[in-house]
> 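Take this structure first; my questions come after.
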Amino acid sequence: MNDRVKEIIKSSAEAGWILEPLAKELLNIYGLSTTNFSWAKTPGQAQASAQRIGFPLVVKIVSHQVLHKSDVGGVVVGVKDSAQLDAVFFRLSDLPGFDGVLLDEMAEGAEVILGSKHDPQFGPVVLIGIGGTSVEIYKDVSIRMAPLTADEALSALRSLKGRRLLEGYRGRTPVDMGKLTTLIADFSRMVFELSDQDESIDLNPVLCSGDRTLIADARIMLKR
């Protein structure tokens with residue numbers, strides 16, 4: 001295991017979960033592509049990061065007291081300029097345990113969910129499904145044992161009822177299935193390696209387009 005991965009896990013052990021900017025850093029270490037992001041702890045840092053990433057932005061609260069960010073108004077989508085960014089920063093700074101903000105690029109694409117948990121019988125398993133806000137309603141998912149090959153990941157995707165959303169439904173550009181299956185396979189290997197450390201991992205959404213596959217949101221829960 002990479003020394004930086006060990007450091008991230010150790011620093012997050014007391015809280016029981018990894019802050020999203022650190023979770024995305026961990027994913028990047030394992031070669032998994034995320035949206036372009038930055039952790040800013042001051043308004044000045046936020047403005048500098050915004051110039052580097054570019055408007056519009058998604059801005060999220062970073063706090064070990066806020067696990068479900070949307071429930072407390074801790075996610076703002078479409079921040080369009082410096083003045084709005086300042087206003088959002090100061091509003092979020094009033095939330096419990098404020099430790100800065102996560103600035104994320106605005107990306108588009110078909111939404112996929114990836115997840116993992118430790119099954120008492122089978123060990124680490126990977127969940128693959130059509131993602132976004134509707135995932136809990138439709139429950140269009142496939143579960144496989146980790147680790148997977150890219151071919152096994154493709155088979156799992158083809159088993160989904162909503163696979164047509166990935167294949168170019170109603171004239172939309174098909175997603176790059178090669179990049180998506182590679183990301184799933186790499187994710188499954190990470191899950192297998194970290195199976196003694198994490199309780200569950202949720203990547204939702206993973207945004208898939210004709211040329212990119214990016215993890216937009218990540219939550220990693222650790223074993224107590």
> I need the D202 CG to L127 CG distance, nearest 0.5 Å.
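If I round to the nearest 0.5 Å, the distance is 8.0 Å.
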> Looking at P43 and F90, what are the two nearest heavy atoms and their distance?
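For P43 and F90, the tightest heavy-atom pair comes out as CG-CZ, 3.8 Å.
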> Check whether any side-chain heavy atom of F187 sits under 4.5 Å from a side-chain heavy atom of L148, and report yes or no.
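Counting from C-beta outward, F187 and L148 never come under 4.5 Å.
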> How many angstroms lie between CG in L180 and CG in L157, if you round to the nearest 0.5 Å?
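One gets 5.0 Å once the value is rounded to the nearest 0.5 Å.
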> Once side-chain hydrogen bond (donor to acceptor under 3.5 Å, both in side chains) is applied, do any residues pair with N28, and if so which ones, sequence neighbours excluded?
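T34.
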> Apply the hydrophobic cluster definition, ILVMFWY joined by side-chain contacts under 4.5 Å directly or through others, and give me every member besides V77.
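Grouped by the 4.5 Å side-chain rule, V58, V75, M106 form the rest of the cluster around V77.
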> Give a yes or no answer on whether the side chain of S49 reaches the backbone of A46 with a donor-acceptor pair at less than 3.5 Å.
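Between the backbone of A46 and the side chain of S49 there is no qualifying donor-acceptor contact (under 3.5 Å).
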> Rounded at 0.5 Å granularity, tell me how far CG in L27 sits from CD1 in I220.
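One gets 5.0 Å once the value is rounded to the nearest 0.5 Å.
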> Between R212 and D176, does a salt bridge (Lys or Arg N to Asp or Glu O under 4.0 Å) hold up when you go through it step by step?
CA-CA 7 Å; R212 298 200 301 172; D176 187 325; over 6 Å; no
> Going by the rule side chain to side chain contact (heavy atoms under 4.5 Å, CB included), which residues pair with S63 if we only count those two or more places apart in sequence or in a different chain?
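Only I61, Q65, V66 meet the side chain to side chain contact (heavy atoms under 4.5 Å, CB included) criterion with S63.
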> Between D186 and L32, is there a donor-acceptor pair closer than 3.5 Å when you use the side chain of the first and the backbone of the second?
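Checked: no pair found.
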> Who passes side chain to side chain contact (heavy atoms under 4.5 Å, CB included) against P147, sequence neighbours left out?
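Only S188, R189, F192 meet the side chain to side chain contact (heavy atoms under 4.5 Å, CB included) criterion with P147.
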> So which atom in L203 and which in A218 form the shortest heavy-atom distance, rounded to 0.1 Å?
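Scanning both residues completely, I find the closest heavy atoms to be CD2-CB, 3.7 Å.
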> If you count the non-hydrogen atoms of other residues, nucleotides and ligands that lie under 6.0 Å from CD in E108, is the total more than 12?
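Atom CD in E108 is not crowded, with 12 or fewer foreign heavy atoms closer than 6.0 Å.
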> How long is the straight-line distance from NZ of K80 back to CZ of F55, given to the nearest 0.5 Å?
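These two atoms lie 10.0 Å from each other.
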> Would you find more than 12 non-hydrogen atoms of other residues, nucleotides or ligands less than 6.0 Å from R172 atom CZ?
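Count not over threshold, so no.
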> Hey, is the main chain of S155 close enough, under 3.5 Å, to the side chain of R158 for a donor-acceptor pair?
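A pair under 3.5 Å: no.
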> Scan side-chain atoms only and decide if D151 and T149 contain a donor-acceptor pair under the 3.5 Å cut-off.
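No.
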> Using only heavy-atom distances, determine whether the side chains of E105 and T35 contain a donor-acceptor pair under 3.5 Å.
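T35 and E105 do not have a side-chain donor-acceptor pair below 3.5 Å.
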> Find out whether P205 and D217 are in side-chain contact, i.e. whether some heavy atom of one side chain is under 4.5 Å from a heavy atom of the other.
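A side-chain contact exists here, since the closest heavy-atom pair is under 4.5 Å.
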> Please report the closest heavy-atom contact between F37 and L102, naming both atoms and the distance.
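In terms of heavy atoms, the two residues are closest at CD1-CD1, 3.6 Å.
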> CG of L166 to CG of L160: how many Å apart, nearest 0.5 Å?
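That separation rounds to 7.5 Å.
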> Go through the steps for S38 and Q45 under the test side chain to side chain contact (heavy atoms under 4.5 Å, CB included), then give the verdict.
CA-CA 9 Å; S38 182; Q45 290 176 355; over 6 Å; no
> Is the shortest side-chain N to carboxylate O distance from K223 to D198 below 4.0 Å?
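A salt bridge is absent here (no side-chain N lies under 4.0 Å from a carboxylate O).
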> Show, in sequence, the C-alpha distance, side-chain angles and deciding distance for M190 and L194, and conclude whether the side chain to side chain contact (heavy atoms under 4.5 Å, CB included) test is met.
CA-CA 6 Å; M190 182 193 79; L194 298 181; 3.8 Å; yes
> Minimum heavy-atom separation for L57 and L103, please, with both atom names.
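Here L57 and L103 meet closest at CD1-CD2, 3.8 Å.
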> How does the hydrophobic cluster around L207 look, that is, which other residues are in it when side-chain heavy atoms under 4.5 Å mark a link?
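L207 shares its hydrophobic cluster with no other residue.
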> Other residues, nucleotides and ligands only: do more than 12 of their heavy atoms fall within 6.0 Å of NZ on K179?
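Counting other residues, nucleotides and ligands, NZ of K179 exceeds 12 neighbours.
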> Nearest heavy-atom pair of V112 and C208: which atoms, and what distance?
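Distance-wise, the nearest heavy atoms are CG2-SG, 3.9 Å.
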> Do S142 and R144 have side-chain N/O donor and acceptor atoms under 3.5 Å apart?
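A donor-acceptor contact under 3.5 Å links the two side chains.
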> Please lay out, stage by stage, how E193 and V5 fare under the test side chain to side chain contact (heavy atoms under 4.5 Å, CB included).
CA-CA 11 Å; E193 183 172 317; V5 171; over 6 Å; no
> Could you tell me whether a side-chain N or O of W39 sits under 3.5 Å from a main-chain N or O of L22, the two making a donor and an acceptor?
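Answer holds: no.
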> Looking only at non-hydrogen atoms, find the nearest pair between G162 and D140 and report the distance.
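Closest heavy-atom pair between G162 and D140: N-OD2, 2.7 Å.
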> With sequence neighbours left out, which residue pairs that include part of residues 12-28 fulfil the salt bridge (charged side-chain N to carboxylate O under 4.0 Å, His left out) condition?
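Passing the test, one end in residues 12-28: R4-E25, E20-K24, E20-K60, E20-K69, K24-D104.
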> Drop me the distance from L222's CG to I18's CD1, to the nearest 0.5 angstrom.
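Atom-to-atom, L222:CG and I18:CD1 are 4.5 Å apart.
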> Could you tell me if E7 and N2 have a donor-acceptor pair between their side chains, going purely by distance under 3.5 Å?
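Result is no, nothing qualifies.
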> Working note: F89 + Q47, criterion side chain to side chain contact (heavy atoms under 4.5 Å, CB included); need CA distance, chi angles, decisive distance, verdict.
CA-CA 10 Å; F89 187 98; Q47 293 293 345; over 6 Å; no
